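Working notes, beginning with the structure itself.
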Protein chains: 2
Amino acid sequence: MDHIDRVLLAQLQQDATQSYAALGQAAGLSAGAAHERVRKLRERGVIRRTTIEVDPAAVGSAVLAYVLVDSTSWMGDSADAFAALSEVLEAHIIAGSASVLVKVRTATTEQLQDVLRRIYAIDGVSGTQATVVLETFFERPLSPQAADQT
Amino acid sequence: MDHIDRVLLAQLQQDATQSYAALGQAAGLSAGAAHERVRKLRERGVIRRTTIEVDPAAVGSAVLAYVLVDSTSWMGDSADAFAALSEVLEAHIIAGSASVLVKVRTATTEQLQDVLRRIYAIDGVSGTQATVVLETFFERPLSPQAADQT
DNA sequence: GCTGAAACGAGACATGC
DNA sequence: GCATGTCTCGTTTCAGC
């Protein structure tokens, strides 16, 4: 994980369709060397996968909400229960009053209500506090150059 | 945005490196037709970009936190101020007591504290409530088949 | 571990349906 | 709007440094 790797990661985040020749040029490498570096980054799991960013509104998911989930028991083994809800995009165990924080996208507020109902049905869940997003300023990937000490 | 487009989007989200031949096969199309569909999805902005998913821990961002930002004035024009902080990955205006919700990744809790300090320095911000994530169950992209009415 | 070149496979495009 | 075929370009691999 040197500076060159960081440049490669930043470049690929911006545009993963660019050629290894262009990638190498940005990092000061030949196409072959760039390819080898990227292959190793994938192998080591630094690059988890190559994917596309989809416009949520275009696929009918205009409503974004964060939900604090209160519970009466330890929620450490409930990952699968949340993962089973396709509208739940993230689920985290948090430090604080509520025990789980989830990010949810739905087409309508009615559907959001339905998701909350299904979250409530999960074992140990005693309550939910939903916070609806009115406007998203931005959502962006982690920038590798933000952290420079690994 | 028919069923075929949804299959293409779901396939590309899982693996954007697969060939158009494989993509077409999954959707019941030829490689050329699949290519044309994807080109139009990009053109229309449904596909925003092709990117990579990076392991946050591997680039030295092990700490994840959500921060509720309280304010004394309208925060609708403060998008740039939050975007200037590279550790801030998302910023949303929310309905509720606090006015802005941001997602932050840093290497250490000390760095998180520094980000909070810089958020506090933004015009109109009167307070912050940070919630630190202890364990992430999962983070995944929006599944196009979750919404079927566009 | 990088460079440069050579073989292979995929992407882009035109034609016809 | 999709299928087929051709040409071009990028990816991938390997010898050499």
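In what follows, every heavy atom counts, from backbone to side chain, and hydrogens, waters and symmetry copies are set aside. Proteins come first, then strands; the chains are lettered A, B, ... in the order of their sequence lines, and each starts at number 1. Not measured: the values here are computed from a predicted model.
Taking every heavy atom of residues 32-54 of chain A and every atom of DNA chain C, pairs under 4.0 Å involve A/Ala33, A/Arg37, A/Lys40, by number. Within residues 15-23 of chain A, the residues approached by DNA chain D to less than 4.0 Å at the level of any non-hydrogen atom are A/Gln18, A/Ser19, A/Tyr20, in residue-number order.
A search for salt bridge (Lys or Arg N to Asp or Glu O under 4.0 Å) contacts involving B/Asp55 returns A/Arg48, not counting sequence neighbours. When the salt bridge (Lys or Arg N to Asp or Glu O under 4.0 Å) test is applied to B/Glu36, the partners found at least two apart in sequence or on another chain are B/Arg39, B/Lys40. For B/Glu135, the salt bridge (Lys or Arg N to Asp or Glu O under 4.0 Å) test picks out no residue, with sequence neighbours left out. A/Glu53 meets the salt bridge (Lys or Arg N to Asp or Glu O under 4.0 Å) test with B/Arg49; sequence neighbours excluded.
Applying the under-4.5 Å side-chain rule to Ile, Leu, Val, Met, Phe, Trp and Tyr, the cluster around A/Tyr120 consists of that residue alone. Grouped with B/Phe138 in one hydrophobic cluster are A/Val63, A/Val67, A/Val69, A/Trp74, A/Met75, A/Phe82, A/Leu85, A/Val88, A/Ile93, A/Val100, A/Val102, A/Val104, A/Leu112, A/Val115, A/Leu116, A/Ile119, A/Ile122, A/Val125, A/Val132, B/Leu134, B/Phe137, the linkage being side-chain heavy-atom contacts under 4.5 Å among Ile, Leu, Val, Met, Phe, Trp and Tyr residues.
Looking only at atom types and distance, the side chain of B/Ser126 has no donor-acceptor partner in the side chain of B/Thr72 under 3.5 Å away.
With salt bridges taken as basic N to acidic carboxylate O contacts below 4.0 Å, one links A/Arg118 and A/Asp114. Salt-bridge check for B/Glu139 with A/Lys103: failed, with every basic side-chain N at 4.0 Å or more from each acidic carboxylate O.
Among residue pairs with one or both ends in residues 70-80 of chain A, none qualify as salt bridge (Lys or Arg N to Asp or Glu O under 4.0 Å); sequence neighbours excluded. Residue pairs meeting the ring-ring contact (aromatic ring centres under 6.0 Å, His included) criterion with at least one partner in residues 91-111 of chain B, sequence neighbours excluded, are A/Tyr66-B/His92.
No donor-acceptor distance shorter than 3.5 angstrom exists from the side chain of A/Gln14 to the backbone of A/Gln11, with no hydrogens or angles considered.
Listed by first residue number, the stems of DNA chain C with at least three Watson-Crick or G-U pairs below 3.5 Å are C:1-6 with D:12-17, C:8-10 with D:8-10, C:12-17 with D:1-6.
Note that the first and last nucleotides of DNA chain C, 5' to 3', having any atom under 4.0 angstrom from a heavy atom of chain B are C/dG11 to C/dA12.
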